Amino acid sequence: MADLSKAGAEYAPMVWEVERGKIREMAKAIGDPNPVYSDKDAAIKAGYKDTPATPTFLTVPMMWCGQMPAIINDLKINFMMVLHGEEEYEYYQLMYPGDVITGTPKITKMEEKTSKSGSKMDLVSMEVLYTNQRGEKVAKARSLLIERK
């Protein structure tokens, strides 16, 4: 059962270097055949300065840096009962290979709800603001975790 008193908690920043190979892997994973994600020349020809990160790329640092399991443990959430409710991204600028992004996760809201069938669940909303190596805002990721009880 989630510790609802953790609403507002902020966690250690995640630092991630955007890699060309990870951009290519993400495009393949989501089934996007657009060559701008796998071929620098195609990206430049399409008007980009390099291979841009895919629209859902921010999933990569969140999952690969190890921060998510630590957050789930701190919130006292039973990982086996977690559902991914939703994910949304707000972009301020593109990310390219070599960019170093830093994201600071924050729990923005936690609440217990009861479903129509009477089952209880905890809803945990999290937000991560990402900046680049120049301190410029790059994107904001928002996600909702649902812990079934």
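What you see is a predicted model; the values in this text were computed from it and never measured.
Under a hydrophobic-cluster definition in which Ile, Leu, Val, Met, Phe, Trp and Tyr are linked whenever side-chain heavy atoms come within less than 4.5 Å, directly or via other members, Val124 and Tyr11 are assigned to the same cluster. In terms of hydrophobic clustering, with Ile, Leu, Val, Met, Phe, Trp and Tyr side chains grouped at heavy-atom distances under 4.5 Å, Val82 and Ile146 are assigned to different clusters. Hydrophobic clustering places Ile71 together with Leu4 (ILVMFWY residues linked when any side-chain heavy atoms are closer than 4.5 Å, directly or through intermediates).
Taking each heavy atom of Thr51 and Tyr96 in turn, the nearest pair found is O-CD2, 3.6 Å. Heavy-atom minimum distance, Ala2 versus Met110: CB-CE, 3.9 Å. Minimum interatomic distance between Val36 and Ala46 (heavy atoms only, all atoms of both residues): CG1-CB, 3.7 Å. The shortest non-hydrogen separation linking Pro55 to Tyr37 is CD-OH, 3.6 Å. Counting all heavy atoms, side chain and backbone alike, Cys65 lies closest to Trp16 at N-CZ3, 4.3 Å. What you find for Thr131 and Val138 is that their closest heavy atoms are C-CG2, 3.8 Å.
A donor-acceptor contact shorter than 3.5 Å is absent between the side chain of Ser125 and the backbone of Thr108. In this structure, the side chain of Asn73 does not engage the main chain of Ala70 through any donor-acceptor pair within 3.5 Å. Between the side chain of Gln133 and the backbone N or O of Val100, at least one donor-acceptor pair lies under 3.5 Å. Under the 3.5 Å distance criterion, the side-chain polar atoms of Gln67 are matched with a main-chain donor or acceptor of Ala12.
How far OH of Tyr130 is from CD1 of Ile101: 6.0 Å, rounded to the nearest 0.5 Å. Here Leu58 contributes atom CG and Glu87 contributes atom CD; the two are 8.5 Å apart, rounded to the nearest 0.5 Å. How far CZ of Arg24 is from OG of Ser38: 7.0 Å, rounded to the nearest 0.5 Å. For the atom pair CZ of Arg148 and CG of Leu83, the computed distance is 4.5 Å after rounding to the nearest 0.5 Å. Rounding to the nearest 0.5 angstrom, the gap separating the CD atom in Glu86 from the CG atom in Leu123 is 9.5 Å. Here Phe79 contributes atom CZ and Met68 contributes atom CE; the two are 8.5 Å apart, rounded to the nearest 0.5 Å.
Residue-environment remark: NZ (Lys149) exceeds the threshold of 12 foreign heavy atoms within 6.0 Å. For Tyr92, the OH atom counts as densely surrounded, since its 6.0 Å shell holds more than 12 non-hydrogen atoms of other residues, nucleotides or ligands.
Under the 4.5 Å side-chain criterion, counting only non-hydrogen atoms from C-beta, Thr56 is in contact with Met26. For the pair Glu147/Asn78, a side-chain contact is recorded, criterion being any heavy-atom separation below 4.5 Å from C-beta on. Inter-residue side-chain proximity for Met14 and Pro61 is flagged as unmet; no heavy-atom pair is nearer than 4.5 Å. Residues Thr54 and Ile30 have side chains in contact (heavy-atom distance under 4.5 Å, counting atoms from C-beta outward). Within the 4.5 Å cutoff, the side chain of Asp122 has no heavy atoms near those of the Ile77 side chain. At least one side-chain heavy atom of Met121 sits less than 4.5 Å from a side-chain heavy atom of Ser115. When side chains are defined from C-beta on, Asn132 counts as touching Gln93, because their heavy atoms get closer than 4.5 Å. Residues Val15 and Thr102 meet the side-chain proximity criterion, which asks for heavy atoms closer than 4.5 Å.
A salt bridge links Lys22 with Glu25: the closest approach of a Lys/Arg side-chain nitrogen to an acidic carboxylate oxygen falls below 4.0 angstrom. Between Asp50 and Arg20, at least one side-chain nitrogen of the basic residue sits less than 4.0 Å from a carboxylate oxygen of the acidic one, meeting the salt-bridge criterion. A salt bridge is absent between Lys106 and Glu127: the closest approach of a Lys/Arg side-chain nitrogen to an acidic carboxylate oxygen does not fall below 4.0 angstrom.
Side chains of Tyr89 and Thr59: a donor on one and an acceptor on the other come within 3.5 Å. In summary, the side chains of Thr114 and Lys120 do present a donor paired with an acceptor at a separation below 3.5 Å, with no hydrogens or angles considered.
Remark: Tyr91 pairs with no residue by the side-chain hydrogen bond (donor to acceptor under 3.5 Å, both in side chains) rule, at least two apart or across chains.
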task = Evaluate side-chain contact (heavy atoms from CB on, under 4.5 Å) for Glu90 paired with Lys137, printing each intermediate quantity in order.
result = CA-CA 10 Å; Glu90 182 177 343; Lys137 285 199 270 184; over 6 Å; no
task = For Asp99 and Leu94, run side-chain contact (heavy atoms from CB on, under 4.5 Å): C-alpha distance rounded to whole Å, both residues' side-chain angles, the deciding distance at 0.1 Å, then the answer.
result = CA-CA 10 Å; Asp99 282 345; Leu94 293 172; over 6 Å; no
